[in-house]
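To start, the structure itself, in structure tokens.
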Amino acid sequence: MVDVFITRKTFDEVLAYFDEAGIGYFHNAQDVPLPPAELAEQLAQSGAPALMSVLTDTVDATLLDAAPQLQVVANVAVGYNNVDVQAATERGIVVTNTPDVLTETTADLAFALLMAAARRLSEADPYMRAGKYKRWQLFQPHLGLDVYGKTLGIVGMGRIGAATARRGALGFGMRVLYHGHHDHLEADREWGAQRVDMETLLRQSDFISLHVPLTEETHHMIAARELAMMKPTAIIVNTSRGPVIKEVDLVAALQDGVIAGAGLDVYEEEPQMQPGLAGLYEHVVLTPHIGSGSVETRLRMSMTAAQNAAAVLQNQRPPNPVN
Ligand code: GLV
């Protein structure tokens, strides 16, 4: 019998933390995802009341039913669309996530994608490496778009959206528009941000950055209709969840020049992406879901999840419950 079932390779610090707390664990140190049936079987066999999962583990009713001893699912991510929270709640299982610790790191990547797509870094870098730079020209092959002073549209003004907006407003003199369920009074007051309806945001923004969780409401919230409302010079950035954008429509919009570019860190069917995307270079930058991907932040996320699991095991309220 163990206390925590850790689905994927984790940090030594996490294991040391459990050791020190006298919490026993099963650790899938191989870092290869267990197929769902195997995960269910091994979790049931382990008898562990805590599951430490990552965002590619599907924690659905089938898995929960296979492990009736479960008390807590501690997801190592701020997003928890991989967990059926309703099914967990119905079974009295606590679900936790890792907010805050990844906010600034993810906002850094959103801004990096925005800058890289605007200034065409993913085209300029291989050009340089290939020895193609022969002379400076006024009309060089990689002329880009200005960022400073432009309009930044933030869809979803939660922690990460606001941190991205702050970078734009304070670092790059950008006008910030945002769309979300609530006013962000600090952003309005301190950076002159404005909450607007989605259509205004789409029509007026030069850069649009998505920061919504994946829900029924946000699934495909950016599709052909919305892309058609954007400026032909606009760039869209997605560090949230792939299915927020209808990827096939985005590829068509980029191919047809409906919008200028995209900086994408997430995809509709990860780890796959629409085949058309790989052939698009101009103002297109693609990264493999590394929004939270700094060493420090991945450690902080893992420790946060471990602390959430430990709290439930010790009959305490975990720091980050989502149900
Ligand atoms: C990463 O995508 C996360 O939700 O933490």
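Values reported hereafter were calculated over all heavy atoms of this structure, with side chains retained and with hydrogens, waters and symmetry mates removed. Keep in mind that what you see is a predicted model, and the values were worked out from it rather than measured. Atoms within each ligand, like the ligands themselves, are counted from 1 in listed order.
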### Message
Check Asp188 with Arg195, please: is the shortest side-chain N to carboxylate O separation under 4.0 Å?
### Response
no
### Query
Can we say Glu123 and Arg120 salt-bridge, meaning some charged N sits less than 4.0 Å from an Asp/Glu carboxylate O?
yes
Which atoms of ligand 1 have any heavy atom of [X] under 4.0 Å away?
X	value
Met301	5 (O)
His289	1 (C), 2 (O)
Ala77	3 (C), 4 (O), 5 (O)
Leu102	5 (O)

#### Entry: The single option from Thr56, Thr58, Asn75, Asp60 passing side-chain hydrogen bond (donor to acceptor under 3.5 Å, both in side chains) against Asn82
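The option that passes is Asn75.
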#### Entry: For atom 5 (O) of ligand 1, closest protein heavy-atom neighbour
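Protein heavy atom with the smallest distance to atom 5 (O) of ligand 1: Val78 N, 2.8 Å.
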### Query
Any nitrogen or oxygen of Thr98, main chain or side chain, under 3.5 Å from a nitrogen or oxygen of ligand 1?
no
### Query
Looking only at distance, does Val76 have an N or O less than 3.5 Å from an N or O of ligand 1?
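Min N/O separation from ligand 1 is not below 3.5 Å for Val76.
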### Message
Could you tell me if Thr297 and Arg300 have a donor-acceptor pair between their side chains, going purely by distance under 3.5 Å?
### Response
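Looking only at side-chain atoms, Thr297 and Arg300 do form a donor-acceptor pair, the distance falling under 3.5 Å.
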## Note on the structure
Any heavy atom of Leu55 under 4.0 Å from ligand 1? The part involved is side chain
### Task
Supply the atom-to-atom distance Gln86 CD to Glu90 CD, rounded to the nearest 0.5 angstrom.
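Result: 5.0 Å between the selected atoms.
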### Donor-acceptor contact below 3.5 Å, side chain Asp206 vs main chain Thr151
yes
